[in-house]
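Written below as structure tokens is the structure these notes are about.
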Amino acid sequence: MGAAAGLMLAILDQDWRPRRLLPLRADWSLLVRHVLAEDGKWLAVLQQRPPNDTPLPRATDIRLTRALARSLRPLDLRLADHVIRAGPTRFSFRGAGLL
């Protein structure tokens with residue numbers, strides 16, 4: 001799973017506040033080790049786009065979110081949201097009913 005610039009994985013606390021941010025990189029095993037070491041159960045993808053871009057998800061964003069959610073289930077981890085920010089606007093997968 002490749003990472004685009006501005007793509008982070010947030011380990012969330014029990015109230016879904018970010019506890020730690022990790023760059024979403026191709027090294028999945030290292031990322032999973034960090035998540036398991038933090039003893040988090042909920043994660044969120046945080047994506048930053050240029051201010052003049054749209055926060056609406058692209059097909060690649062949707063595929064990434066679905067693949068990540070599937071990959072996390074066997075580890076008893078859950079994806080709380082995928083939030084895309086572009087300038088002052090944002091898009092929430094959970095808010096749009098996509099999670």
Side-chain angles (χ1 to χ4, degrees):
M1 153 181 340
L7 202 55
M8 303 292 286
L9 187 67
I11 301 172
L12 306 177
D13 67 14
Q14 63 189 16
D15 296 319
W16 285 16
R17 292 181 302 236
R19 193 164 63 189
R20 184 168 181 192
L21 292 175
L22 302 167
L24 197 52
R25 293 200 175 118
D27 190 350
W28 179 245
S29 62
L30 181 62
L31 194 62
V32 169
R33 277 195 303 250
H34 282 293
V35 170
L36 295 176
E38 289 284 329
D39 198 31
K41 295 292 180 197
W42 289 94
L43 305 169
V45 175
L46 306 176
Q47 186 175 357
Q48 183 68 49
R49 290 194 181 147
N52 58 344
D53 205 344
T54 176
L56 296 177
R58 299 180 178 117
T60 54
D61 301 321
I62 295 167
R63 283 194 303 270
L64 169 71
T65 303
R66 289 179 180 164
L68 187 56
R70 274 192 311 272
S71 297
L72 293 172
R73 269 187 225 117
L75 301 171
D76 196 28
L77 300 169
R78 299 290 180 257
L79 191 59
D81 206 347
H82 177 165
V83 177
I84 303 171
R85 292 186 184 276
T89 59
R90 65 188 276 273
F91 180 89
S92 163
F93 276 64
R94 182 160 298 279
L98 297 174
L99 278 178

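The distance from the CZ atom of Arg63 to the OG1 atom of Thr65 is 11.0 Å, given to the nearest 0.5 Å. Residue Trp42 holds its CH2 atom at 13.0 Å from CG of Asp15, rounded to the nearest 0.5 Å. Taken from CG in Leu43 to CG in Leu12, the straight-line distance is 6.5 Å, to the nearest 0.5 Å. Within the model, atoms CZ of Arg20 and CE of Met8 stand 10.0 Å from one another, a figure rounded to the nearest 0.5 Å. Atom NE2 of His82 sits about 12.5 Å away from atom CZ of Arg66, to the nearest 0.5 Å. A distance of 10.5 Å separates OG in Ser71 from CG in Leu77, rounded to the nearest 0.5 Å.
Across all non-hydrogen atoms, the minimal contact from Pro18 to Ala10 is CB-CB, 4.3 Å. Residue Asp61 comes nearest to Arg58 through the heavy atom pair OD2-N, 2.8 Å, listed as atom of the first residue, atom of the second, then distance. Annotation for Leu31 and Pro23: closest pair CD1-O, 3.8 Å, computed over non-hydrogen atoms. Of all non-hydrogen atoms in Phe91 and Ala96, the two that sit nearest each other are CZ-CB, 3.5 Å. Listed here is the closest heavy atom pair of Lys41 and Asp76: CD-O, 3.6 Å. Looking at every heavy atom in both residues, Val35 comes nearest to Ile11 through CA-CD1, 3.8 Å.
Distance alone, capped at 3.5 Å, is enough to place a donor-acceptor pair between the Asp81 side chain and the Arg94 backbone. Panel note: side chain Arg49, backbone Thr54; a donor-acceptor pair is recorded below 3.5 Å.
Under the 4.5 Å side-chain contact rule for hydrophobic residues, Trp16 and Leu46 do not share a cluster. One hydrophobic cluster, built from ILVMFWY side chains closer than 4.5 Å, holds both Leu98 and Leu24. Both Leu75 and Leu64 sit in one connected hydrophobic cluster of ILVMFWY residues. Membership requires side-chain heavy atoms under 4.5 Å apart, directly or through other members. Cluster membership check: Leu56 does not share its hydrophobic cluster with Val83, using side-chain heavy-atom separations under 4.5 Å among Ile, Leu, Val, Met, Phe, Trp and Tyr.
If you run side-chain contact (heavy atoms from CB on, under 4.5 Å) between Phe93 and each of Ile84, Val45, Leu79, only Ile84 comes through.
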